[in-house]
Number of protein chains: 2
Amino acid sequence: MKKKKVSIYDIANRLEISSSTVSRALNDHARISEKTKLAVRRVAKELGFEKNHLASGLITNKSFTISIIVPAVNRNFFASAITGIEKVASENGYTVLICQSHDQYEREVKLIDTLIINRVDGIIASLAINTEEFDHFRKAKNAGIPVVFFDRVCHEIEDTFKIVVNDFNGAYLATRHLAEQGFKRIAHIGGYQSQNIFRERLAGYKKGLSEFNLPFDEGLVRYCALNTDDGTKLTEELLQLKPRPDAIFCANNLTAISALAYAMDHNIKVPEALGIVGFSEETVSSLLKPAITSIRQPSEQMGKLAAQKLLEEIDAESSDNMDYTEIELRTELIVRASSKLE
Amino acid sequence: MKKKKVSIYDIANRLEISSSTVSRALNDHARISEKTKLAVRRVAKELGFEKNHLASGLITNKSFTISIIVPAVNRNFFASAITGIEKVASENGYTVLICQSHDQYEREVKLIDTLIINRVDGIIASLAINTEEFDHFRKAKNAGIPVVFFDRVCHEIEDTFKIVVNDFNGAYLATRHLAEQGFKRIAHIGGYQSQNIFRERLAGYKKGLSEFNLPFDEGLVRYCALNTDDGTKLTEELLQLKPRPDAIFCANNLTAISALAYAMDHNIKVPEALGIVGFSEETVSSLLKPAITSIRQPSEQMGKLAAQKLLEEIDAESSDNMDYTEIELRTELIVRASSKLE
DNA sequence: TTGTAGGCGTTATCAG
DNA sequence: CTGATAACGCCTACAA
C-alpha cells in the first residue's frame, strides 16, 4: 500500500559519496564541507527525500514528539494552553500529541502507558479532577520521560516543573470584588478538594470573606467536577437555601455560565439579586447577557512556559542541575456586568 | 538521560530461546506453542518489557498512529468528533495525533508535511476555511497515507472517504422553521463560499425562503470566517439595514451567539424583534437566555465513522476495491427560545 | 515448533 | 573532511 521512500543511500549513490557523509551533511555536521552540504541538500530536494524519524529515533532514542494530557480540549483555558505549547514545540521541531483524560483518572493512567510505549520525549499534563495517585507519572519519569505539570499540578512529585497561576490570589480578588460590591452572603461552587488548585481557590475565597468580616459558612460551599450539569444542580441547591446567598463565586467558568442560566430561568436578577464571578475565561464569557465577571489566566503563556521548561529538561544531560522551582503567574480580575452593582 | 529499555533479547536470554521466537510469541504468531507463549509473556511482564514501536514500525512501515486535522479543538463540534475518533482508534490500538490548522491554509499544508515525515498511518481532516487547493492532501495520498475528510470535505479528490451531514437539508429546516414562525425578512450569516458545506447551507436557506414565497435578497446575506468577531460585526451591519431583518440564520453557532449578544446589547428583543437560529451546537447554546435554536449534528458519530473508514482503508491491501461513496448523516432541528414566537 | 541470518533507514565510532 | 562498518530493536524469509 505505502510507497517506497527515498533514503540517504539514494542520495549517496547519486553523488557517489557515502551514506554517512549524506547523513552528516543533512544534519549540518560541523566537519563537512559547504560544497558537499550544498550538493547533498540539492539532490535531497530533487529526489524528494524525507528523513525517516522512526529510523533516526531508533538509534538516537528520540522521537521529537511531546505529549499533552488535558482533561478536555474544548475548554478555552486548555485550548489556548495547547496553542501556546504547539507554538514552542513546532519552533523547535517537535510534534505535539494531544490527549484527553476526560477528567478520568483511569484514562490518564492508560494514556501514560501508551505514551511510554510510544517513546515520547516528554509529557505536559494537567491532572484529571479525580487524580490522587501519581505512580503513573513516576513510571514515566523512571522511563526517562520528563514531565511538566501546569494548572492542576502534582506537588507529590518534587522533581518536575510546575506552571501555575496564583489561584489563591485570584480567588481572593474575585471574592473581595463581590464583597466590595456589597454582597453579603457569598456562596462558592468549588472543585473537588483533591486538586490543590481548588483548595487554593477555596482558601482565597475565605480570605476575601474574612477581610470584609463576612463569616465563612460551610453551608454556602459546594464541591463538584465543575461541569455544566454540576453547576446547574448546585446553583439550584444554593439558591433554595434560606436565607438565600446573594452572590456566587464559581471555581471555573462553565459553572458560572450554568449559574447564570439557572438564575435567569428562575427570574433571579443578575447581578441585582445574585452576583456571579467565574474563574478562567470561556470564549462566550464576555458575550453573555449579563457578561460574566471572571478571573483571567494567562493560559497561552502558561502553555509556552510549560513547553520551554519541558524542552529544557529534555535537552539537559542530567536532571541534577535542574531548578524545579514552581513558576507562578499572575491572574487578573475582569469585571463585567454579572457582578457590578451601580 | 533516558534509561535502557529491556528488549526481546533480554527475554530470549532469560529463557534460553531465540529472539525470533520471542518476537513471534509476543505477536501471538500461530505456530508457537502455547507453553512458550505463556513463558514469554510471563518473563516479558516480569522484566517490564515494552515493545519499541519505532523499531517495529521501521520494519513493518507502520506507526500505529493516525492524525486528525481540525480548524480548532475548542469548538464543540470538533471536540466531540475527536472524542469519537479517539474511541475507535484506541479500541484498535492506534494512537491519535490531534493537530489544529487554526483555519489557516498555510498551516494545514505544513501540518501535512510534518505528518508525512512522521509516517502516520492515516489522516482525518476537516478543511481550514480558506483551503481551496488540495495538493497537500494529494501528496499525502501519493505517499501512501489514506485520507478521510469529514464536515468540511474536499470533493476534488475522488478517492477518499467523506463523512458529511446533509447541510442543505439542515439549513432548509432552519430557514423553514423561521418562516413558519412568521419571520419575513430572514438574513443569513454564512461561511466563505469556498467551502462546499457553506454553499450547501446557503442553498438550503434559499430553498427554505422560496418555499414560503419569501424573496431571496443578496443584501441580507453575509459571508465570513464564522468566528465571534465576524459574527458581531456582520450582525451590526445587518441590523442597520432599513428595513431591518427580523431573523438571522447563522451558519454556525459562534456567530449565532454573537448575534444574540449584539441584539441584547442594543435592546433588540429576541425572538420578538429578531429570531435567531444557529447551526451546530456549542455546549452553552442551551444555557443562553434565550437559549439558541440550532441544527444539531451527530458529531461524535461522524468521528467514529471517519475513524472506521480510515482504519478500513489502512488495512486494505489495495485501494482498488474501496467504495468511496460519500456518507451523509442526518441533522436535527432543536427548537429553543431564540426563534419561538407564541 | 523453533533458530539463523539479514535487513528496515539512520547515526555513531573509528579509521583514514 | 570522508568512508566503512557496526549498531539501534524488531520482524520475517528460510532453514532445520
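Chain identifiers are assigned alphabetically (A, B, ...) following the order of the sequence lines, protein sequences preceding nucleic acid strands; residue numbering begins at 1 within each chain. What's counted below: heavy atoms across the whole structure, side chains too, no hydrogens, waters or symmetry copies.
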Residue pairs involving residues 23-80 of chain A (criterion ring pair (Phe, Tyr, Trp, His ring centres under 6.0 Å); sequence neighbours excluded): A:Phe64-A:Tyr94
Side chains of B:Lys62 and B:Ile314 in contact at under 4.5 Å (non-hydrogen atoms): yes
Value in whole Å for how far the C1' atom of D:dA7 lies from CG of A:Asn61: 13 Å
Side chain to side chain, B:Glu156 and B:Arg138, heavy atoms closer than 4.5 Å: yes
Residue list, side-chain hydrogen bond (donor to acceptor under 3.5 Å, both in side chains) with B:Asp10, at least two apart or on another chain: none
Within residues 11-25 of chain A or reaching into it, pairs that qualify as salt bridge (Lys or Arg N to Asp or Glu O under 4.0 Å) - sequence neighbours excluded: A:Arg14-A:Glu46
Chain B contact limits on DNA chain C, taken 5' to 3' with a cut-off of 4.0 angstrom to heavy atoms: C:dT1 to C:dG9
Under the side-chain contact (heavy atoms from CB on, under 4.5 Å) test, residues paired with A:Ser18 that sit two or more places apart: A:Ser20, A:Thr21
Where protein sits on nucleotides 11-16 of chain D, one letter per nucleotide: B base, S sugar-phosphate only, - none, heavy atoms under 4.0 Å: BBB---
Contact residues, residues 35-50 of chain B to DNA chain C [heavy atom, < 4.0 Å]: B:Thr36
Residues in side-chain hydrogen bond (donor to acceptor under 3.5 Å, both in side chains) contact with B:Ser19, at least two apart in sequence or another chain: none
Please output the side-chain donor-acceptor pairs of residues 299-306 of chain B that fall under 3.5 Å, not counting sequence neighbours, one pair per line with the distance.
unit_1, atom_1, unit_2, atom_2, d
B:Ser299, OG, B:Ser80, OG, 2.6
B:Glu300, OE2, B:Lys87, NZ, 2.6

By side-chain hydrogen bond (donor to acceptor under 3.5 Å, both in side chains) - contacts of B:Thr114 (at least two apart): none
Net bend of the helix from C:dT1-D:dA16 to C:dG16-D:dC1, end axes of five pairs each, nearest 10 degrees: 40°
Nearest-Å distance for atom pair CG/P, residues A:Asn13 and D:dG3: 12 Å
Derivation and outcome, side-chain contact (heavy atoms from CB on, under 4.5 Å), residues A:Ile145 and A:Leu115: CA-CA 9 Å; A:Ile145 304 177; A:Leu115 296 178; 5.8 Å; no
Residue pair A:His102, B:Glu86: steps toward the side-chain contact (heavy atoms from CB on, under 4.5 Å) verdict: CA-CA 11 Å; A:His102 294 291; B:Glu86 278 178 338; 3.5 Å; yes
Nearest-neighbour nucleotide for the B:Ser7 side chain, D:dG9, D:dT2, D:dG3 considered: D:dG9
B:Lys162-B:Asn196 side chain donor-acceptor pair, cut-off 3.5 Å: no
Along DNA chain C (nearest heavy atom to each residue), the more 5'-positioned of B:Leu58 and B:Ile17: B:Ile17
Touch class at under 4.0 angstrom, heavy-atom based, for A:Leu54 against every strand present: nothing
All pairs passing ring pair (Phe, Tyr, Trp, His ring centres under 6.0 Å) where residues 131-152 of chain A contributes a residue, at least two apart: A:Tyr105-A:His136, A:Phe137-A:Phe149
